[in-house]
Protein chains: 2
Amino acid sequence: MSRTDYDVFGLGDFTLRCGLTLRDAQLAYKTYGRLNDARDNAIVYPTWYSGRHWENEWLIGDGMALDPSRYFIIVTNMLGNGLSSSPSNTPPPFDRARFPDIAVLDNVTAQHQLVTERFGIERLVAVTGWSMGAGQTYQWAVSFPEMVPRILPFCGSARTSEHNIVFLEGVKGALTADCAWKHGWYTEQPWTGLRAMARVYAGWGFSQAFYWDQVYRELGHTSLEDFLVDFWEGFFLDERDANNLLTMLSTWQRGDIGLTPGVDGDTEAALRSITAKAIVMPGEKDLYFPPEDNAWEVERMPNAELRVIPGVWGHFAGGGQNPVDTAFIDAGLKELLAAPA
Amino acid sequence: MSRTDYDVFGLGDFTLRCGLTLRDAQLAYKTYGRLNDARDNAIVYPTWYSGRHWENEWLIGDGMALDPSRYFIIVTNMLGNGLSSSPSNTPPPFDRARFPDIAVLDNVTAQHQLVTERFGIERLVAVTGWSMGAGQTYQWAVSFPEMVPRILPFCGSARTSEHNIVFLEGVKGALTADCAWKHGWYTEQPWTGLRAMARVYAGWGFSQAFYWDQVYRELGHTSLEDFLVDFWEGFFLDERDANNLLTMLSTWQRGDIGLTPGVDGDTEAALRSITAKAIVMPGEKDLYFPPEDNAWEVERMPNAELRVIPGVWGHFAGGGQNPVDTAFIDAGLKELLAAPA
């Protein structure tokens with residue numbers, strides 16, 4: 001990766017849920033603002049599928065809810081994203097196709113070590129995140145309820161639905177259909193597969209209405225094909241790595257707070273255990289995290305409100321490209337952060 | 001193809017919209033029932049993406065709207081489906097990867113030749129079809145208004161929307177990412193690509209709610225993966241051919257009644273020209289032919305009603321696997337056929 005403006009926390013020998021141990025595991029992160037003396041102004045804001053910390057920055061800024069002049073915002077890079085321990089940066093023998101399965105819980109366990117061991121934080125102000133970042137947000141609330149008084153997961157879910165798993169099977173199928181992938185032992189990226197994956201993703205990331213209205217023109221794209229190549233293929237060619245993408249995809253497919261130790265597979269029990277004040281924000285037309293799924297969750301959460309992000313942007317309502325949706329999410333975050341907890 | 005229970009109409013030297021001429025082109029079809037002496041009891045019922053005539057038979061039967069004891073039902077196989085002229089069965093030099101682009105209009109022109117030249121039919125009772133069959137239905141109504149008093153397109157559209165085009169780009173990307181495809185010059189089917197394509201399709205064919213409710217169990221599938229392999233991979237391995245699938249996919253992507261000669265690209269004008277009495281039936285949760293798109297069409301059609309097929313089956317509401325949806329479509333067809341026109 002070309003950027004070096006971040007820190008790394010050494011997790012040591014980090015034993016994963018799958019039973020393997022990543023030696024000298026690394027959690028890459030970046031902080032915004034200053035941890036106060038009471039160590040009680042921290043917000044954790046994990047990344048999403050393929051995202052890097054700088055791709056979270058659109059929701060951070062002076063005058064915004066995530067205001068660095070007030071809060072200490074910790075953006076954690078997901079395991080597998082190429083900055084934290086990943087197939088692409090782990091030395092043999094756990095490198096590349098042999099990189100182990102990573103659970104959502106592994107990510108949150110690593111983040112918890114960072115927050116408590118490096119920063120000595122005992123209680124957070126909130127956790128928030130988009131998409132897989134939302135999944136990590138739920139996991140924080142279930143694993144460490146005493147530390148997490150507030151959550152705002154947006155465009156994500158506590159358990160990956162079967163339809164969402166199928167959508168990801170299509171993404172994976174397209175990437176791995178490329179013979180150049182070589183079951184992960186490629187010496188050069190499987191470019192054809194990455195571009196095919198991008199085109200599969202393109203149909204899912206934004207809503208039918210987004211395309212009908214050609215809203216991609218607002219993003220500066222001059223035709224549908226221009227959007228597919230420049231936005232979507234560009235997205236998956238931007239220093240991404242096939243094995244990294246497959247690692248994170250596997251994490252996503254198996255996401256389920258019901259897999260938390262002690263919960264015994266009972267996702268509904270895990271939802272009922274979330275004491276944090278929650279504002280859950282799906283995108284109105286999100287095709288793989290539809291509002292219905294969050295509604296089902298909120299019904300089971302004791303202190304949660306469902307607040308749908310209106311409009312046609314689908315999953316990318318939470319992607320930071322649309323100022324209207326960003327303002328909507330920011331307003332929700334402001335309200336949540338102002339609420340007693 | 002293993003089945004031989006159908007007829008073939010020779011189209012002769014058939015000049016396509018793309019400007020190429022298929023020599024000795026073939027239109028495969030099957031008829032159900034008997035053409036009466038007045039030749040006024042015929043219904044055309046074209047196939048859909050990858051479908052063959054026998055896969056339309058679920059909507060034909062004694063006591064059903066499409067009753068062979070009353071109507072002469074002509075099921076036409078789409079060009080490219082492996083029975084009519086296709087990459088897989090056309091001799092050189094127009095074989096395989098060199099098979100020309102086929103327009104929806106080409107299909108309807110061929111069908112019109114069959115109906116008028118072989119059967120001497122001057123006026124049909126109706127045209128109906130699912131998905132791309134619906135697209136052909138619209139095209140019939142625009143190209144031959146004097147012949148088509150009634151149409152019932154279900155789970156399809158008069159113009160392929162941009163989102164639908166993108167969905168198909170993902171399907172195509174997955175299939176063609178397989179190096180074994182060899183740009184169409186394969187000697188063996190690109191099995192990995194076909195299976196990848198199937199997994200992409202799986203997320204689109206049925207709704208999110210279908211998967212949430214695990215309705216695939218009603219179809220005899222014992223798990224999500226069982227459904228993906230047995231239903232979806234099986235679907236695209238069932239005597240399908242990669243070049244054939246790509247030919248039909250291209251037909252689909254470019255579907256637009258506005259491309260009819262004389263209409264000058266004006267899809268709305270083409271819709272306004274449809275004098276046929278129409279019942280337009282989208283699936284409530286169809287992910288690539290959403291009801292909104294049909295509503296837009298019906299607003300512009302002078303004699304049309306929008307009637308949404310309720311439920312969670314998505315696009316496959318029109319696939320014949322669900323008796324409830326089949327009964328709904330059949331009832332609409334009965335009503336349409338009973339109406340004066």
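The chains referred to below are lettered A, B, ... by the order of the sequence lines, with proteins before strands, and numbering in each begins at 1.
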Q.
Tell me the closest heavy-atom pair linking B:Gly170 and A:Val200, and the distance in Å.
A. O-CG2, 3.5 Å
Q. Which atoms form the tightest heavy-atom contact between A:Gly203 and B:Val166, and what is the distance?
A. N-CG1, 3.4 Å
Q | For chain B, the option from A:Phe210, A:Tyr211, A:Trp204 that forms the most heavy-atom pairs under 4.5 Å | A | A:Trp204
Q. For chain A, which residues from residues 219-226 of chain B have at least one heavy atom closer than 4.5 Å to it?
A. B:Leu224
Q. Nearest heavy-atom pair of A:Ala177 and B:Gly193: which atoms, and what distance?
A. CB-CA, 4.5 Å
Q | B:Ala209 portion near chain A, given a 4.5 angstrom heavy-atom threshold | A | neither
Q: Please say which of B:Asp293, B:Leu287, B:Asn164 ends up in a side chain to side chain contact (heavy atoms under 4.5 Å, CB included) with A:Gln208.
A: B:Leu287
**Q.** chain B contact via A:Ala180 - which portion, at a heavy-atom distance below 4.5 Å
**A.** backbone
**Q.** Part of A:Phe289 lying under 4.5 Å from any heavy atom of chain B
**A.** neither
Q. What heavy-atom pair brings A:Ala196 and B:Gly173 nearest, and what distance separates the two atoms?
A. CB-O, 3.3 Å
Q: Would you give the length of the straight line joining atom CD of B:Glu162 to atom CZ of A:Phe227, rounded to the nearest 0.5 angstrom?
A: 10.5 Å
Q.
Please enumerate all residues that pass ring pair (Phe, Tyr, Trp, His ring centres under 6.0 Å) together with B:Trp48, with sequence neighbours excluded.
A. B:Trp130
Q | Set of side-chain contact (heavy atoms from CB on, under 4.5 Å) partners for B:Arg159, sequence neighbours left out | A | A:Trp212, B:Asp256, B:Thr267, B:Trp296
Q. For B:Arg217, does the CZ atom have more than 12 heavy-atom neighbours from other residues, nucleotides or ligands under 6.0 Å away?
A. yes
Q: Quick one: which of B:Glu292, B:Gln214, B:Lys172 has the most heavy-atom pairs under 4.5 Å with chain A, could you say?
A: B:Gln214
Q. For B:Phe206, is it the side chain, the backbone, both, or neither that has a heavy atom closer than 4.5 Å to a heavy atom of chain A?
A. backbone
Q: Mind checking side-chain contact (heavy atoms from CB on, under 4.5 Å) for A:Ala269 and listing every partner two or more places apart, or none if nothing turns up?
A: A:Asp266, A:Arg272
